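In what follows, a single structure is set out as structure tokens and then discussed.
The basis for the numbers below is simple: all heavy atoms, side chains too, and nothing from hydrogens, waters or symmetry mates. Because the structure is a prediction, the values reported are computed rather than measured.
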Amino acid sequence: MRTQRENAARVVVIGAGMAGARLAARVPGVTVIGEEAHAPYNRVLLAEVLAGRYEPDVIALPPAEVRRGVRVVRIDRAERRVLCDDGGVIGYGRLVLATGSNPVLPPLRGLGHMLPDGVHPFRTLDDCLALRAAVRPGVRAVVIGGGLLGVSAARALAECGAQVVLAQQGEHLMERQLDAEAAGMLRRHLETLGVEVHTECRVRGLRCTDGETPAVRAVEMADGYELEAEITVLACGVRPRAGLAQAAGLEVRKGIVVDDELRTSDPYIHAVGDCAEHDGKVYGLAGAALEQADVLAEVLAGRPARYGGTRALTRLTLRSPSAAPVTAGTTGAAVVSGTSGGLDLAAFGDSRPMPGDDVIRLADATRNAYRTVVVRGDRLAGGVLFGDLAAVGTLARTWQDDDPLPADTSLLHLLTNDGGF
């Protein structure tokens with residue numbers, strides 16, 4: 001049994017996702033507890049596994065000592081210990097919550113606590129493998145949600161030969177990252193892959209078979225129209241997984257509230273990644289999770305470090321099935337990139353202009369190229385590039401550094417400067 005002095009120096013991490021694995025790689029001797037049976041993996045690449053392009057071992061993260069398949073059921077703050085579902089009790093000096101997020105299950109008729117057969121979330125490797133096992137050429141699949149995750153899932157299913165319909169409630173695809181024109185180009189690209197895209201449509205419910213084990217047969221729209229479905233993918237966003245923290249009496253709003261040292265309302269407990277709320281923001285992005293883990297590693301080592309927020313960055317890869325592989329990353333602008341026969345798209349920051357903003361847009365229909373940037377005051381607020389990404393490196397660095405633009409820099413120069421990518 002560990003002594004109280006030994007526990008005082010012990011760092012325990014609940015969660016073996018990307019944030020927990022990154023922290024374990026940076027802090028020696030960390031005890032990591034993970035619910036999943038799998039070794040830590042890069043969830044950014046799950047769509048590549050679904051498409052059959054990568055096997056699960058390809059997306060594995062560097063080895064880390066993890067107690068796999070174990071769930072923490074309670075945090076005893078008074079005794080500084082955690083209680084696990086396998087009966088284990090682990091003491092800690094510092095506890096790190098890296099519990100991630102859960103997929104949002106929309107309030108649909110026919111969708112209860114037990115998902116009908118054929119209905120799949122798309123968040124974990126197990127979700128991905130179950131979906132891949134269910135897909136076969138010609139199967140009818142409906143993806144509910146046209147954000148980053150829904151677009152990734154729809155493309156991957158189409159590459160597996162499924163007949164895919166993508167249903168998006170909003171006006172256009174990837175509303176958080178793209179303006180209407182770039183979203184239109186993305187839509188046309190998906191349609192060339194055989195994906196049928198519906199926007200501004202609300203899903204009302206699921207029609208399932210009767211019996212002890214109901215199975216989905218159709219997705220019902222609010223206007224009464226039905227989309228036949230043997231597979232339905234729920235890609236409606238994620239919600240911070242903060243129940244454990246809430247039950248322990250920690251401050252929870254949208255997520256687990258943390259300060260600039262990623263410390264919760266208990267000075268011996270920290271939180272990082274999708275479960276953490278910093279300065280009123282929950283990022284839900286791999287880049288932010290890794291940045292938070294790096295800052296916390298310095299804090300736990302006794303070195304001065306502060307987390308000041310993340311310039312929200314994401315990555316996605318889209319391309320035609322015949323194109324050569326392109327590895328998605330977890331930092332950089334929101335990039336949808338491809339090779340010959342694929343799609344090249346980058347988005348960063350806020351591309352929706354506000355009153356008083358300067359906007360410049362260049363379009364070349366013959367090259368299927370489109371670029372737009374928004375300048376707010378003397379700083380680059382955001383932008384979208386489609387087709388030709390020669391300037392995205394310079395633009396993304398300028399935005400990420402949040403430096404004032406030189407007075408002699410023209411907006412046209414921002415879009416035509418081939419700063420490299």
Side-chain angles (χ1 to χ4, degrees), residues 13 15 17-27 40 42-45 61 96-101 123 147-149 152 174-178 237-242 245 252-264 270-301 303-316 328-336 346-352 373-374 376 379-384 392-404 421:
V13 180
M18 295 181 72
R22 178 68 158 245
L23 194 63
R26 296 286 308 275
V27 180
N42 184 347
R43 62 178 169 83
V44 175
L45 295 174
L61 295 174
V96 181
L97 302 178
T99 49
S101 56
R123 183 65 181 167
L148 195 66
L149 191 61
S152 299
M174 290 179 60
E175 288 184 307
R176 291 180 59 185
Q177 292 92 4
L178 305 183
V238 295
R239 181 178 292 115
R241 195 175 180 191
V252 175
R253 296 175 192 163
K254 291 180 289 186
I256 305 167
V257 177
V258 297
D259 61 14
D260 290 353
E261 292 187 334
L262 290 312
R263 185 180 288 108
T264 69
H270 301 261
V272 292
D274 291 3
C275 67
E277 176 184 338
H278 175 266
D279 196 23
K281 296 179 182 178
V282 176
Y283 289 95
L285 297 170
L290 298 178
E291 188 173 339
Q292 290 171 5
D294 288 344
V295 170
L296 182 53
E298 295 298 301
V299 170
L300 294 176
R303 294 185 285 268
R306 313 281 290 185
Y307 177 68
T310 296
R311 304 286 282 175
L313 310 172
T314 58
R315 275 188 190 269
L316 172 67
T330 56
T331 58
V335 176
V336 184
F348 55 92
D350 186 2
S351 61
R352 294 162 294 186
V373 292
V374 176
R376 190 165 296 151
R379 284 172 167 79
L380 188 60
V384 178
V392 72
T394 297
L395 290 170
R397 283 191 295 273
T398 301
W399 168 75
Q400 190 170 16
D401 293 342
D402 198 28
D403 292 330
F421 176 61

When you look at R306 and V295, which way does the side-chain contact (heavy atoms from CB on, under 4.5 Å) test go after all the steps? CA-CA 6 Å; R306 313 281 290 185; V295 170; 5.7 Å; no

As a quick check of understanding, evaluate salt bridge (Lys or Arg N to Asp or Glu O under 4.0 Å) for R241 and D274, giving each step before the final call. CA-CA 8 Å; R241 195 175 180 191; D274 291 3; over 6 Å; no

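Rounded to the nearest 0.5 angstrom, Q292 CD and M18 CE are separated by 12.5 Å. Taking CZ of R311 as the start and CD of Q400 as the end, the distance is 8.0 Å to the nearest 0.5 Å. With values rounded to the nearest 0.5 angstrom, L178 atom CG is found 10.5 Å from R352 atom CZ. With values rounded to the nearest 0.5 angstrom, E261 atom CD is found 10.5 Å from H278 atom NE2. Once rounded to the nearest 0.5 Å, the distance linking CG of L262 with CD1 of I256 reads 11.0 Å. Note that CG of D403 and CZ of R379 are 7.5 Å apart. Values are rounded to the nearest 0.5 Å.
What you find for Q177 and S351 is that their closest heavy atoms are O-OG, 3.7 Å. Nearest heavy atom pair, residue A98 against residue A19, reads CB-CB, 4.4 Å. The shortest heavy-atom contact between V299 and A305 is CG2-O, 3.7 Å. Of all non-hydrogen atoms in A245 and V252, the two that sit nearest each other are CB-CG2, 4.2 Å. Between A286 and V44, the shortest heavy-atom distance links the atoms CB-CG2, 3.7 Å. In terms of heavy atoms, A289 sits closest to G273 at CB-CA, 3.7 Å.
A perpendicular orientation is assigned to the rings of Y283 and Y307, their planes being inclined by more than 60° (bins at 30° and 60°).
By the 4.5 Å heavy-atom criterion applied to side chains, V373 and W399 are not counted as neighbours. The shortest side-chain heavy-atom distance between D350 and V374 does not fall under the 4.5 Å cut-off. Between H270 and V258, the closest side-chain pair of non-hydrogen atoms is not below 4.5 Å.
Of the options L23, L296, L97, V27, a side chain to side chain contact (heavy atoms under 4.5 Å, CB included) to V13 is made by L23 and by none of the others.
Looking only at distances, no side-chain donor or acceptor of R176 sits under 3.5 Å from a matching main-chain atom of G147.
Around the NZ atom of K281, the shell of radius 6.0 Å holds no more than 12 heavy atoms that belong to other residues, nucleotides or ligands.
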